[in-house]
Each structure stands twice: as C-alpha cells, then as structure tokens.
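Report on one structure; see the data block that follows.
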Amino acid sequence: MSEIIYIRGDATAPSVKGVKVIAHVCNDIGGWGKGFVLAISRRWPEPEASYRAWHRERAANDFGLGAVRFVQVEKYVWVANMIGQRGTRTGSKGVPVRYEAIDTALTRLADKALELGASVHMPRIGCGLAGGKWSRVEPLIVQRLVRRGIGVTVYDHGEGQS
C-alpha cells in the first residue's frame, strides 16, 4: 500500500502525468480571499466563481459542511472545493476546522478521483487558517484516499506550511 508523498512546492502546479484533482478546504460562510484559495485564484478564475455561486444559491443546493464541488480547470486538472470549516474565526467554539466535515468531503473526493482515475494534490488541508492539526487530518486522508489506492501528494509551500 502506498503512503502520502510529501514535497515542497506549489499544490496548484502538480508535475505528474495523468488526471489530477487539487483538493482544498473552504469555509461554510461564502468567504474566499485568504490562504490557499489565493493561489488557486491566481491560476484559474473558475473555482472561486463556482464556490461563490454555490454559496449564493445554497438554499437550493447541497452547500454545507462536508459537501464538495468539483470544478474542471484544465483538460486533466480539477479543483475540489471541500466545505470543511465552520466560519473563519477562532472563537468560543474553538478553531473553524470541522474534522467530520473533512472526513465526509474526503469520501466524496475519493469517489470522484476513482471515477476520473486521478491522483490527488493538496496543501495540509484544514491546518492553515482553519486551525486544524495535521495529526488529526492525515489519518483521514490515509483512510479515505490512500487505502482506496489513490495517489496523494501533500505540498508544503515555502518556509512554513500553507
């Protein structure tokens, strides 16, 4: 069984062959403008536009914790907008990350990756602005993706983790 591959680099520019899904965590309040989404928006306008429309029309769709919207941005590249954090601020209820929502979203991501025959590429999801701990997220990725035979690469950008 393969493991997660860790590399230093840009998760928006995976250099492997074949179909790729770039996965990241979004909040459940329609905010897009800090963290990894900025790197996505610098490369492609479609994921942000899709996320904003999905949020705007949420009364009539599945927008909410655990949901995923897949956006094709190039012939062999998709972006998975995964709703895995409640709000954007740390407060009385703790940090914004919601591990159960990330777990649900990763299950949906796995199904799509298998359907596409894709590898998955991501930063340390849920561990930047969402405030999560990688020690809690990593086992979810192993369980939902790696154990199903999906190649996963996690990217550390620059000096710290993005």
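Since the structure is predicted, the reported quantities are computational estimates derived from the model, not experimental observations. For reference, positions follow the sequence shown, starting with 1.
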To the nearest 0.5 Å, how far apart are [atom1] in [X] and [atom2] in [Y]?
X      : Y      : atom1 : atom2 : answer
Glu57  : Asp62  : CD    : CG    : 11.5 Å
Arg144 : Arg108 : CZ    : CZ    : 11.5 Å
His121 : Thr153 : NE2   : OG1   : 5.0 Å
Ile83  : Asn27  : CD1   : CG    : 7.0 Å
His157 : Ile7   : NE2   : CD1   : 11.0 Å

Exercise for review: Report yes or no: do Leu129 and Leu65 belong to one cluster of Ile/Leu/Val/Met/Phe/Trp/Tyr joined by side chain heavy-atom distances under 4.5 Å?
Suggested key: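 Looking at the clustering, Leu65 is in a separate group from Leu129.
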Check your understanding: Same hydrophobic cluster for Trp78 and Tyr76, using side-chain heavy-atom links shorter than 4.5 Å among ILVMFWY?
Key ->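 Yes, same cluster.
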Practice item. Evaluate the ring planes of Trp32 and Tyr51, with Trp represented by its six-membered ring, and classify them as parallel (under 30°), tilted (30 to 60°) or perpendicular (over 60°). Key: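 Correct class here is tilted.
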Practice item. Could you tell me which residues satisfy ring pair (Phe, Tyr, Trp, His ring centres under 6.0 Å) with Trp54, sequence neighbours excluded, listed by chain and number? Key: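 Here the qualifying residues are Phe63.
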Taking every non-hydrogen atom, the tightest pair across [X] and [Y]:
X      : Y      : answer
Val16  : Ser119 : CG2-OG, 3.9 Å
Pro123 : Ala23  : CD-O, 3.5 Å
Gly126 : Val25  : N-CG2, 3.9 Å
Gly132 : Val97  : CA-CG1, 3.6 Å
Pro96  : Ala130 : CD-O, 3.2 Å
Cys127 : Lys133 : SG-C, 3.7 Å

**Study point:** Matching residue for Leu140 among Thr104, Ile125, Asp103 - test: side chain to side chain contact (heavy atoms under 4.5 Å, CB included)
**Key:**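 That would be Asp103.
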Check your understanding: With sequence neighbours left out, which residue pairs that include part of residues 11-23 fulfil the side-chain hydrogen bond (donor to acceptor under 3.5 Å, both in side chains) condition?
Key ->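 Every side-chain hydrogen bond (donor to acceptor under 3.5 Å, both in side chains) pair that includes a residue of residues 11-23, provided the two are not neighbours, is Asp10-Thr12.
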Practice item. Take Leu116 and Phe70, measure what side-chain contact (heavy atoms from CB on, under 4.5 Å) needs, and give me the verdict at the end. Key: CA-CA 11 Å; Leu116 295 170; Phe70 297 95; 6.0 Å; no
Do [X] and [Y] make a side-chain contact, defined as non-hydrogen atoms from C-beta onward lying under 4.5 Å apart?
X      : Y      : value
Val137 : Arg124 : no
Val154 : Trp134 : yes
Ile141 : Met122 : yes
Glu74  : Arg43  : yes
Gln85  : Val95  : no
Val37  : His24  : yes
Leu109 : Val21  : yes
Val68  : Lys112 : no

I'd like to know if the side chain of [X] reaches the main chain of [Y], judged simply by a donor and an acceptor atom lying under 3.5 Å from each other, with no hydrogens or angles considered.
X     : Y     : value
Asp28 : Gly87 : yes
Ser50 : Glu46 : no
Gln72 : Lys75 : yes

Review point. In this structure, are over 12 heavy atoms from other groups packed under 6.0 Å from Tyr6 atom OH?
Key: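 Counting other residues, nucleotides and ligands, OH of Tyr6 exceeds 12 neighbours.
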Check your understanding: Would you find more than 12 non-hydrogen atoms of other residues, nucleotides or ligands less than 6.0 Å from Arg52 atom CZ?
Key ->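 Counting other residues, nucleotides and ligands, CZ of Arg52 exceeds 12 neighbours.
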Exercise for review: Would you please name every residue forming a side chain to side chain contact (heavy atoms under 4.5 Å, CB included) with Arg148, sequence neighbours left out?
Suggested key: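 Result, side chain to side chain contact (heavy atoms under 4.5 Å, CB included) vs Arg148: Ala110, Asp111, Leu114, Ile150.
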